[in-house]
Amino acid sequence: MRIATWNINSIRARADRALAFLERTGTDVLALQETKCKDEQFPREAFEAAGYEVATLGFSQWNGVAIISRVGLEDVQTTFAGQPGFGVEPVTEARALGATCGGVTIWSLYIPNGREIDDPHYAYKLEWLKHLRAQAESWITPGTGDPDAQIALVGDWNIAPLDEDVWDIEAFAGRTHVTPAEREAFAAFADAGYTEVSREHIPDRTFTYWDYQQLRFPRNEGMRIDFTYASPALAARVTGATIERNERKGKAPSDHVPVVLDLAD
DNA sequence: ATGACCAGCTTGGCTGGA
């Protein structure tokens with residue numbers, strides 16, 4: 001089975017790219033982030049015509065996640081327990097969508113950006129990750145969950161875990177995505193029993209995001225912020241991973257590219 | 001060329017992205 005995650009940066013602007021990607025790579029399950037549309041605006045028919053089922057979560061033009069599967073799409077969940085909202089009167093955002101596809105529970109995750117270190121969105125980001133981690137741990141803990149569960153936490157984590165995950169760490173002084181607190185929040189998923197399964201298959205300094213501005217892509221000045229955490233039972237099935245760098249080329253690309261994961265049958 | 005932001009909505013100048 002082949003699963004992939006991609007921050008598409010508007011599904012309406014790039015449905016053709018997503019369809020071509022599915023056909024070209026033979027991906028069975030695609031988790032999307034930043035679909036940037038309400039559920040009723042999602043171009044689901046195009047994917048259904050290609051033989052996929054579609055689950056979407058979109059409240060407005062911001063955020064938005066989806067799962068597209070041709071190996072079943074069951075038990076759709078539109079939040080995780082305890083998912084924080086943003087604001088004084090917390091508003092839940094469209095950032096987490098779970099579904100079971102071919103026996104694997106896939107969570108399409110769009111972790112909050114954080115904006116600036118002194119912005120309330122930064123504290124929100126850390127809180128969001130803390131609660132997701134607590135739930136993810138419970139899902140594979142005996143008693144509250146199933147130690148044999150096959151769970152994939154995939155998406156745009158908006159964190160560069162290592163200095164080599166950005167083109168120039170000195171350019172990120174005082175910025176989000178590289179702070180110790182964010183990196184600790186990311187590493188906490190490993191402490192909870194999950195393994196980030198893409199890195200061992202992909203060379204260092206292979207990026208998943210390049211800003212549209214300042215020739216960042218031609219200069220390969222990017223960031224690696226899209227990751228795939230797997231539960232123990234799922235991690236044991238991973239046979240390979242790729243970053244689809246060529247998806248950043250051509251007409252009207254997303255600023256992120258897909259991360260593809262291959263699983264043994 | 002991989003080339004000097006892009007998306008959506010309020011449709012024209014904002015916000016959000018990272």
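Everything numeric here is computed off the predicted structure, so don't read it as measured data. Convention: sequence-line order gives letters A, B, ...; per-chain numbering from 1.
Comparing the same atom, C1', in B:dC9 and in B:dA4 gives a spacing of 26 Å after rounding to whole Å. On the C1' atoms, B:dA7 is 25 Å away from B:dA1, given to the nearest whole Å. Using atom C1' as the reference point in both B:dG8 and B:dG12, the two lie 12 Å apart (nearest Å). B:dT11 and B:dC6: their C1' atoms are spaced 16 Å apart (whole Å). For B:dC5 and B:dA18, the C1' atoms lie 12 Å apart once the distance is rounded to whole Å.
Contacts between residues 205-216 of chain A and DNA chain B, defined by a heavy-atom separation under 4.0 Å, are made by A:Y209, A:D211, A:Y212, A:Q213, A:Q214, A:L215.
Phosphate contact (OP1/OP2 of B:dG8, side-chain N/O of A:S60, threshold under 4.0 Å): absent. Phosphate contact (OP1/OP2 of B:dC6, side-chain N/O of A:N9, threshold under 4.0 Å): absent.
Between the C1' atom of B:dG8 and the CG atom of A:D255 lies a distance of 15 Å, rounded to the nearest Å.
Positionally, the nearest nucleotide of DNA chain B for A:R14 lies more toward the 5' end than for the other of A:R115 and A:R14. Along DNA chain B, the nucleotide nearest A:R219 and the nucleotide nearest A:N7 are compared for position; the residue whose nucleotide lies closer to the 5' end is A:R219.
A salt bridge does not link A:R14 to A:E247: none of the charged side-chain nitrogens sits closer than 4.0 Å to a carboxylate oxygen. Using a 4.0 Å cut-off between charged nitrogen and carboxylate oxygen, A:D28 and A:R2 do not count as a salt-bridge pair. Checked for salt-bridge contact, A:D163 and A:R183 meet the test: a charged N lies under 4.0 Å from a carboxylate O.
Sorted by first then second residue, the ring pair (Phe, Tyr, Trp, His ring centres under 6.0 Å) pairs that include residues 232-257 of chain A, not counting sequence neighbours, are A:Y209-A:H256. For residues 102-113 of chain A, the side chain to side chain donor-acceptor pair (under 3.5 Å) pairs, not counting sequence neighbours, are A:Q33-A:S108, A:E34-A:Y110, A:T100-A:T105.
Side chain of A:Y52 to backbone of A:L30: no donor-acceptor contact under 3.5 angstrom is found.
By the 30° and 60° cut-offs, the orientation of the rings of A:F47 relative to A:F42 is tilted.
Under the Watson-Crick or G-U wobble criterion, with both distances below 3.5 Å, B:dG12 is paired with B:dC9.
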